[in-house]
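Below you will find the structure I want to go over with you.
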Amino acid sequence: VQLQASGGGLVKPGGSLRLSCAASGLTLDYYAIGWFRQAPGKEREAVSCISSSEDNVYSTDSVKGRFTISRDKGKNTVYLEMSSLNPDDTAVYYCAVDRFRRGDYVCVLESGEYDYWGQGTQVTVSS
């Protein structure tokens, strides 16, 4: 199983990016998927997640209204659309799979509940 996060880069404050999480050897549709981030010197933080059933989404307060998580089932990919970015969003972003909640209508913003992790993609917000 491999997860690959991509789409990071350098963006100016107020800008937008779309991160992608693609998988091989695993069908993402079956599972809850989460996005997390870790800034230098800080603990890993949950950003957003999407449930395996009905695609219910949850986001941490700091990104509500700015970040949107979604799936493309045909491409076996989960996206994180980020807008109105600010320097506090600078971090390495990771996607992860929660296999325990297969078929559930909820997902959780707890990194310990996720058992497959991709390598991260760097997002830098700076003028």
- [ ] Flag yes if V92 and V47 sit in one hydrophobic cluster, no otherwise; membership is Ile, Leu, Val, Met, Phe, Trp, Tyr, and two members link when side-chain heavy atoms are under 4.5 Å apart.
- [x]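 Different clusters.
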Open item on the list: side-chain contact (heavy atoms from CB on, under 4.5 Å) for L80 and Y93? Distances and angles first, verdict last.
Closed with: CA-CA 10 Å; L80 185 68; Y93 284 71; 4.2 Å; yes
Open item on the list: I'd like to check K73 versus T27 (side-chain heavy atoms, cut-off strictly below 4.5 Å). Are they in contact?
Closed with: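 A side-chain contact under 4.5 Å is absent here.
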TODO: Heavy atoms only: give me the nearest A39-A91 pair and the separation to one decimal.
DONE: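 Between these two residues, the closest heavy atoms are N-CB, 3.8 Å.
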Open item on the list: To the nearest 0.5 Å, what is the distance between CD on Q4 and OG1 on T121?
Closed with: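 Here the rounded value is 8.0 Å.
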Open item on the list: Using 0.5 Å steps for rounding, measure from the CZ atom of R44 to the CZ atom of R37.
Closed with: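 Here the interatomic distance stands at 14.0 Å.
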Open item on the list: For a quick check under 3.5 Å, do R102 and Y30 share a side-chain donor-acceptor pair by atom type?
Closed with: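 No, no side-chain donor-acceptor pair sits under 3.5 Å.
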Task: Approximate separation, where rounding is to 0.5 Å, of D72 CG and T77 OG1 - done: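 D72 CG to T77 OG1: 6.5 Å, rounded to 0.5 Å.
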TODO: Give the C-alpha distance, both sets of side-chain angles, the deciding distance and a yes or no for side-chain contact (heavy atoms from CB on, under 4.5 Å) between L3 and V97.
DONE: CA-CA 9 Å; L3 289 178; V97 177; 3.6 Å; yes
Let me check something: any side-chain donor-acceptor pairs from residues 104-120 under 3.5 Å, sequence neighbours excluded? List them with distances.
from	atom 1	to	atom 2	distance (Å)
E113	OE1	R101	NH1	3.1
E113	OE1	R101	NH2	3.4
Y114	OH	V108	O	2.7
D115	OD1	R99	N	3.3
D115	OD2	R99	NE	2.5
D115	OD2	R99	NH2	2.9
W117	NE1	Y114	O	3.2

Open item on the list: Distance check, rounded to the nearest 0.5 Å: L17 atom CG versus M82 atom CE?
Closed with: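 Going from the CG atom of L17 to the CE atom of M82 covers 4.5 Å.
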Task: From OG (S62) to CD (E45), nearest 0.5 Å - done: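 The CD atom of E45 is 5.0 Å from OG of S62, to the nearest 0.5 Å.
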Task: Flag, side chain of T124 to backbone of L10, donor-acceptor distance under 3.5 Å - done: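 Checking the backbone N and O of L10 against the side chain of T124, no donor-acceptor pair under 3.5 Å is found.
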Task: Reported NZ-to-CG distance for the pair K12 and L85, which is rounded to 0.5 angstrom - done: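 Result: 14.0 Å between the selected atoms.
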- [ ] Would you mind reporting whether F67 and S48 have side-chain heavy atoms less than 4.5 Å apart?
- [x]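 A side-chain contact is absent here, since even the closest heavy-atom pair is not under 4.5 Å.
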Open item on the list: For residues F36 and Y79: do they belong to one hydrophobic cluster (side chain heavy atoms under 4.5 Å, members Ile, Leu, Val, Met, Phe, Trp, Tyr)?
Closed with: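 No, F36 does not connect to Y79 through the hydrophobic network.
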TODO: Please check if the side chain of S83 supplies one atom and the backbone of S16 the other of a donor-acceptor pair under 3.5 Å.
DONE: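 A pair under 3.5 Å: no.
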TODO: Is it possible for you to say whether I33 and V57 belong to one hydrophobic cluster, with membership spreading through side-chain heavy-atom contacts below 4.5 Å?
DONE: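 Yes, I33 and V57 fall within the same hydrophobic cluster.
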Open item on the list: The criterion is side chain to side chain contact (heavy atoms under 4.5 Å, CB included); which residues satisfy it with E81, sequence neighbours excluded?
Closed with: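 Scan of E81 (side chain to side chain contact (heavy atoms under 4.5 Å, CB included), adjacent residues dropped) gives R18, T68.
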Task: Sole residue of L19, V63, T60, I50 in side-chain contact (heavy atoms from CB on, under 4.5 Å) with W35 - done: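 Looking at L19, V63, T60, I50, the match for W35 under the side-chain contact (heavy atoms from CB on, under 4.5 Å) is L19.
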Task: Derivation and outcome, side-chain contact (heavy atoms from CB on, under 4.5 Å), residues R66 and N86 - done: CA-CA 10 Å; R66 301 190 299 122; N86 61 66; 3.6 Å; yes
Task: Set of residues satisfying side chain to side chain donor-acceptor pair (under 3.5 Å) with respect to S53, sequence neighbours excluded - done: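 Testing S53 for side chain to side chain donor-acceptor pair (under 3.5 Å), a comparison that skips the adjacent residues, returns none.
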